[in-house]
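Remarks on the structure that follows.
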Amino acid sequence: MEKIAINTDFIKLDALLKFAALTGTGGEAKMAIADGMVKVNGQVCTMRGKKIRPGDTVEFDRFTLLVEQA
């Protein structure tokens, strides 16, 4: 599990994937989310604008991110 710190109250799911360098572009993030390849707190999430807050976990490919407040 990799920890990633954000400076805001939340970050949108597609932006998080790009920010964490799990996808190269926002378009790749959008497609991965739409295809059901991303889990938020253990549940498949297809909403690219989902607000991810500190304490949430995001799983994509073989990576798990734990979002923390910076």
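We use all heavy atoms of the structure for the numbers below, so side chains are in, but hydrogens, waters and symmetry mates are not. Quantities reported herein were computed from a predicted structural model and do not represent experimental measurements.
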List the residues meeting salt bridge (Lys or Arg N to Asp or Glu O under 4.0 Å) with Glu68, not counting sequence neighbours, and say none if there are none.
Lys3
Report the residues that fulfil side chain to side chain contact (heavy atoms under 4.5 Å, CB included) with [X], sequence neighbours left out, ordered by chain and then residue number.
X     : value
Met47 : Cys45, Lys50
Lys39 : Val44, Glu59
Ala21 : none

Does anything in residues 5-23 form a side chain to side chain donor-acceptor pair (under 3.5 Å)? List the pairs, not counting sequence neighbours.
Asp14-Arg48
Got a sec, which hydrophobics cluster with Leu66, joining ILVMFWY side chains under 4.5 Å apart, including via others?
Met1
Which residues end up grouped with Val58 if you chain together Ile, Leu, Val, Met, Phe, Trp and Tyr wherever their side-chain heavy atoms are less than 4.5 Å apart?
Ile4, Ile6, Ile11, Leu13, Leu16, Leu17, Phe19, Leu22, Ile33, Met37, Val38, Val40, Ile52, Phe60, Phe63, Leu65, Val67
Tell me, which pairs form a salt bridge (charged side-chain N to carboxylate O under 4.0 Å, His left out) where one or both residues lie in residues 25-37, sequence neighbours left out?
none
